[in-house]
There are 2 protein chains.
Amino acid sequence: MRMSDAIAAYILHMMETSSDGSAELQRNELAGEIGCVPSQINYVLSSRFTPQQGYLVESRRGGGGYIRVSRIRLAPEVSMLTHVVNSIGDTLVASAAQAIVQNLFDGGFLTEQAARTIAAAVSDRAYHQIPVGQRDRVRADMMKYMLTAATMS
Amino acid sequence: MRMSDAIAAYILHMMETSSDGSAELQRNELAGEIGCVPSQINYVLSSRFTPQQGYLVESRRGGGGYIRVSRIRLAPEVSMLTHVVNSIGDTLVASAAQAIVQNLFDGGFLTEQAARTIAAAVSDRAYHQIPVGQRDRVRADMMKYMLTAATMS
DNA sequence: TTGATCTTGACCTTTACTGACCAAACGAAT
DNA sequence: ATTCGTTTGGTCAGTAAAGGTCAAGATCAA
C-alpha cells in the first residue's frame, strides 16, 4: 500500500471517529507514527483533501500548532450543482472530474446510476479518439452539460 | 501462439483465480513475466477488454500504480442495456442517440436523472469542439461507455 | 495484394516521495 | 513592548516510479 493512502486513511479514520467529524492532527507527530517525512503530509492534504474534493484544511504554526481537516458543509441541491458547474473552467483533468463526481454522489446530489454514468463519460478511456491535448477541454464541456442536465431533474 | 493471446489468457486466469474476480496487475511486471514490451499490455486491454466485451479497466499512474481489470456483472434486468450497447456501431448520430435514451427511460431502464445526463452528453451541443466528421464516432464511444457504466451496480 | 491485426520502442504525463530551506506563532527574558 | 530562541507547519524543486500514447514496421489472413 502506498504511504499516501495510509496517511489519507488515517486522516479519514480520525474524521469518522471524532465527535464533530473533523480531524485535528499534528504534522510531525503523525509523520512519526506513520513513518514518513513531514512534508508528505502536506502532499496528501493537497492532493486528496482539496476543496474540490469537499474538504477544508486549516492550520496553525508555532507552539501548539495543528492541522484540522473537515468536510465542507454542503449547500442545498440546486445551488450545489450550479456552484460546481460554475467552478469548472475551460479544462478539466480526469482525476479532478472523478473527485467531483464522487463528492456530489457522497453529498446525495447524484443518484448512483447518474454518478456512474457521468464518471464513465469523463473517464480518460472515453476519449481515446480525441487528441490528448484537447481531451481536457472536451471533458470540461461534457461535465458542465451533464451536471446542468442533472440539475433539472 | 500470439503474444496478445498469451497476455489475454494470463489476465483472464488472474481474474478466475482471484477472490473477487478482478485482476490487478502491474504493467511493467507483467510485461517482464510474459516477455513483451509494456505498451503491448495497453494494446491487449484496448482491443480485448473493452466495455462492449464486458470488461471494466481502471488504472492509476505514478508510484504504486496499477491496472485493474474486472468483469462487468450483468444482472438479468439490464440485459436490455447490454443489448443496446452491442447494437451501437462505430458511429451514432445525435437523433438516434436521443431516441435510444428516450426508449430506455420509457422502459424504466434509466432513472430520470441518468437519462437527462446521458441525453446531454450525446447532444450535439456537447461536441462543438470536435471536428464535425468525428463527432458521431466519439458519440458512439461515449454512449457505450455510459450505458455500460449504467448497468453496473 | 491488401487490409486488419499485432509488435515495438521512443517519448510523455501523472503520481509519489524526499529533504533542504522558509515562515509563522508562541513564550520567556529583557 | 521588543527581542530572540523554539516549536510548529509550508514550499518547492528534484528524483523516482508507475502507466499512456503514437506512429512506424512486421505479420497474418482473405
Side-chain angles (χ1 to χ4, degrees), chain A residues 1-11 23-50 52-53 56-69 91-99 122-139, chain B residues 1-11 23-50 53 56-69 90 134 138 141:
Chain A
M1 192 187 197
R2 291 191 207 76
M3 197 155 285
S4 293
D5 289 337
I7 296 169
Y10 193 104
I11 294 173
E24 189 160 322
L25 55 99
Q26 300 228 295
R27 194 180 74 149
N28 290 351
E29 183 189 319
L30 177 54
E33 276 181 35
I34 292 188
C36 67
V37 294
S39 61
Q40 191 159 6
I41 307 290
N42 297 85
Y43 170 70
V44 171
L45 291 172
S46 63
S47 64
R48 289 152 145 87
F49 293 90
T50 67
Q52 278 225 319
Q53 291 171 54
L56 173 67
V57 177
E58 303 160 285
S59 67
R60 212 177 159 90
R61 308 186 191 192
Y66 61 85
I67 297 176
R68 185 166 47 228
V69 185
T91 70
L92 182 65
V93 300
S95 55
Q98 299 296 340
V122 297
S123 85
D124 246 341
R125 291 182 204 288
Y127 294 84
H128 63 85
Q129 292 196 46
I130 300 175
V132 174
Q134 214 184 344
R135 289 180 190 173
D136 292 345
R137 293 190 170 277
V138 176
R139 194 191 334 264
Chain B
M1 190 187 199
R2 281 197 218 74
M3 188 115 284
S4 292
D5 290 336
I7 296 168
Y10 193 104
I11 294 173
E24 188 160 323
L25 55 99
Q26 300 229 295
R27 196 182 72 149
N28 289 352
E29 184 190 316
L30 177 54
E33 277 181 33
I34 292 189
C36 66
V37 294
S39 61
Q40 191 158 9
I41 308 288
N42 297 83
Y43 171 71
V44 171
L45 290 172
S46 63
S47 63
R48 289 149 134 99
F49 292 89
T50 66
Q53 288 159 315
L56 174 67
V57 178
E58 303 160 286
S59 67
R60 230 180 136 161
R61 304 189 188 186
Y66 62 84
I67 297 175
R68 184 164 47 229
V69 186
D90 289 342
Q134 213 183 346
V138 176
D141 254 18

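Just so it is clear, the values below take in all heavy atoms, side chains as well, and ignore hydrogens, waters and symmetry mates. Lettering of chains follows the sequences in order, A, B, ..., and the numbering in each one begins at 1.
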Do A:R135 side-chain atoms and A:D124 backbone N/O form a donor-acceptor pair below 3.5 Å?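 No.
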Does A:R139 reach the main-chain N or O of A:V122 with its side chain, forming a donor-acceptor pair under 3.5 Å?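 Yes.
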State plainly whether the residues B:D141 and A:R125 are in salt-bridge range, i.e. N to O under 4.0 Å.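 The answer is no: the pair does not qualify as a salt bridge.
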Look at [X] and [N] and indicate whether a side-chain polar atom (N or O) is within less than 4.0 Å of OP1 or OP2.
X	N	value
B:N42	D:dG19	no
A:R125	D:dG20	yes
B:S59	D:dG20	yes
B:R68	D:dG19	no
A:Y43	C:dC17	no
B:S39	C:dT7	no
A:Q40	C:dA16	no
A:R60	C:dC26	yes

For [X], report the nucleic acid contact type (base, sugar-phosphate, nothing); a contact means any heavy atom under 4.0 Å.
X	answer
A:I67	sugar-phosphate
A:V132	sugar-phosphate
A:N28	sugar-phosphate

Only residue of B:V44, B:V37, B:L45 satisfying side-chain contact (heavy atoms from CB on, under 4.5 Å) with B:I41 is B:L45
Length of the [atom1]-[atom2] vector between [X] and [N], whole Å:
X	N	atom1	atom2	result
B:Q26	D:dG19	CD	C1'	10 Å
A:L92	C:dT14	CG	P	12 Å
A:M3	D:dA18	CE	C1'	16 Å
A:M1	C:dA16	CE	P	12 Å
A:I41	D:dT11	CD1	P	14 Å
B:R27	C:dT14	CZ	P	15 Å
A:E58	D:dG10	CD	C1'	16 Å
A:D124	D:dC22	CG	P	11 Å

Looking at D:dT21, D:dG9, C:dA16, which one has an atom nearest to any side-chain atom of A:R135? D:dT21
Need to verify one output field. Residue with the more 5' nearest nucleotide on DNA chain D, A:I130 or B:L25?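 The residue whose closest nucleotide sits nearer the 5' end is B:L25.
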By nearest heavy atom, map B:Y66 and A:P131 onto DNA chain D; which one lands nearer the 5' end?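 The residue whose closest nucleotide sits nearer the 5' end is B:Y66.
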Please walk me through it: do B:Q40 and B:S4 pass side chain to side chain donor-acceptor pair (under 3.5 Å)? CA-CA 8 Å; B:Q40 191 158 9; B:S4 292; 3.3 Å; yes
Position toward the 5' end of DNA chain C (nearest nucleotide), A:R48 or A:G63: A:R48
Reading DNA chain C from 5' onward, which residue's closest nucleotide shows up sooner: B:R2 or B:R61?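 Upstream on the strand: B:R2.
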Verify the distance criterion only: is there a donor paired with an acceptor across the side chains of B:T50 and B:Q53 at less than 3.5 Å?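 The answer is yes; a qualifying pair exists.
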